[in-house]
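Numbered from 1 within each chain, the chains take letters A, B, ... in sequence-line order.
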2 protein chains.
Amino acid sequence: MDRYVELLRKKGLKVTPQRLEILRYLDKNRIHPNIERIYSDLKKGHPSLSKTTVYNVIDDLSRADLLQILTIDRFEILCDFKAEPHHHFLCKECHKVYDLDGDFSCHLLEKIRSEGFQVDEVHGYFKGTCRSCSKGKKEE
Amino acid sequence: MDRYVELLRKKGLKVTPQRLEILRYLDKNRIHPNIERIYSDLKKGHPSLSKTTVYNVIDDLSRADLLQILTIDRFEILCDFKAEPHHHFLCKECHKVYDLDGDFSCHLLEKIRSEGFQVDEVHGYFKGTCRSCSKGKKEE
DNA sequence: TCCAAGTTTATAATGGTTACAAGATTATAA
DNA sequence: TTATAATCTTGTAACCATTATAAACTTGGA
Ligand SMILES: [Mn+2]
Ligand SMILES: [Mn+2]
Ligand SMILES: [Zn+2]
Ligand SMILES: [Zn+2]
């Protein structure tokens, strides 16, 4: 059975072509797209797709914990297929969002847990200039 | 000379009553208010204040690095007087945003710096249930 | 004191997101 | 299968937070 069908079934969500396409798209395109990007990319192969549906599906999937919504960028909502926990780097020059593998267990996290905070999510957002952009600057 | 006057001067911003009031408000009220909250709180003592001005001033101050804008909550922009670097915990029950003192230096940060990322900002956003809300739940 | 540059304000425009309702699809059970 | 209820998709309209505009005002420096 299709991997994505299974994911939806497990979460008790009805299996629809729209949900499958969006899930597959996010899994295959780990580029942290915004709503507009998802919509315009998928519209090509599915012209009847409505933007309302993209909003609805993203909402359903994030509630079902099948994707996470990044808030690293003040100006737009970015979507990320929910794989292993990881963190993000936003380059202020090229606006690319990089995935950062590797856990950041830190003192701070242990400390607040010991103080009674029940931590469910840890979002690490780093911002600055990525390697290729700093190179470009030096050469100027 | 007034501390806030000095802050503005140093950044080359003209000193206006609106900028001073907003700066002072944010310094004295470390509650991570949103635009609406800042506006309605300050409107009381300054009825001619316009919401456009709040937007403009917040924009100026954040560009001048006198405040930071938190993106921990997908649904609103929260403002934070720029004091020592610190991180944040959002309680999903009571929606309070807690300041977390203490640095989180972690392997991940060192690693990406060594890989050539130039990191200017580190935002640690933790989400879950705060102590008083977990207590409340147990007692139910 | 005077002036240019920058700021505040009310108002209007914008545009991303949400509400709605009709029609289509899905899951389930007969 | 077929029937049925629940749920989903879609286009349209409404909403509302944010931004644009332009006139009046304020600031800082000459
Ligand atoms: Mn990611
Ligand atoms: Mn804070
Ligand atoms: Zn870059
Ligand atoms: Zn709480």
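A salt bridge links B:Asp2 with B:Arg24; the closest basic N to acidic carboxylate O contact falls under 4.0 Å. With respect to A:Asp99 and A:Arg30, no salt bridge is recorded, no charged nitrogen being found less than 4.0 Å from a carboxylate O. Comment: A:Asp27 engages A:Arg3 in a salt bridge, judged by a side-chain N to carboxylate O separation of less than 4.0 angstrom.
For DNA chain D, the contact window with chain A, defined by any atom under 4.0 Å from a protein heavy atom, covers D:dA6 to D:dT12 in 5' to 3' order.
Atom NZ of A:Lys96 has 12 or fewer heavy atoms from other residues, nucleotides or ligands within 6.0 Å. Counting non-hydrogen atoms of other residues, nucleotides and ligands closer than 6.0 Å to NZ of B:Lys43 gives a total above 12.
Within residues 15-24 of chain B, the residues having any heavy atom closer than 4.0 Å to DNA chain D are, in order of number, B:Val15, B:Pro17. Contact check of residues 38-55 of chain A against DNA chain D (heavy atom, cut-off under 4.0 Å) returns A:His46, A:Ser48, A:Leu49, A:Ser50, A:Thr52, A:Thr53.
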Verdict with supporting geometry, B:His123 and B:His88, ring pair (Phe, Tyr, Trp, His ring centres under 6.0 Å)
CA-CA 8 Å; B:His123 300 267; B:His88 296 90; 8.4 Å; no
Could you check A:Phe126 against A:Phe89 for ring pair (Phe, Tyr, Trp, His ring centres under 6.0 Å), going step by step and ending with a plain yes or no?
CA-CA 5 Å; A:Phe126 302 80; A:Phe89 179 91; 7.4 Å; no
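At distances below 3.5 Å, at least one donor-acceptor pair connects side-chain atoms of B:Arg113 with backbone N or O atoms of B:Val119.
At whole-Å resolution of the value, CZ in B:Arg63 and P in C:dG6 are 14 Å apart.
With a 3.5 Å ceiling on both atom-pair distances, the Watson-Crick or G-U wobble partner of C:dT28 is D:dA3.
Residues A:Ile35 and A:Asn56 each lie close to DNA chain C; by heavy-atom proximity, the contact nearer the 5' end of the strand is made by A:Ile35.
Within the 4.0 angstrom heavy-atom criterion, no nucleotide atom of any strand lies near B:Asp60.
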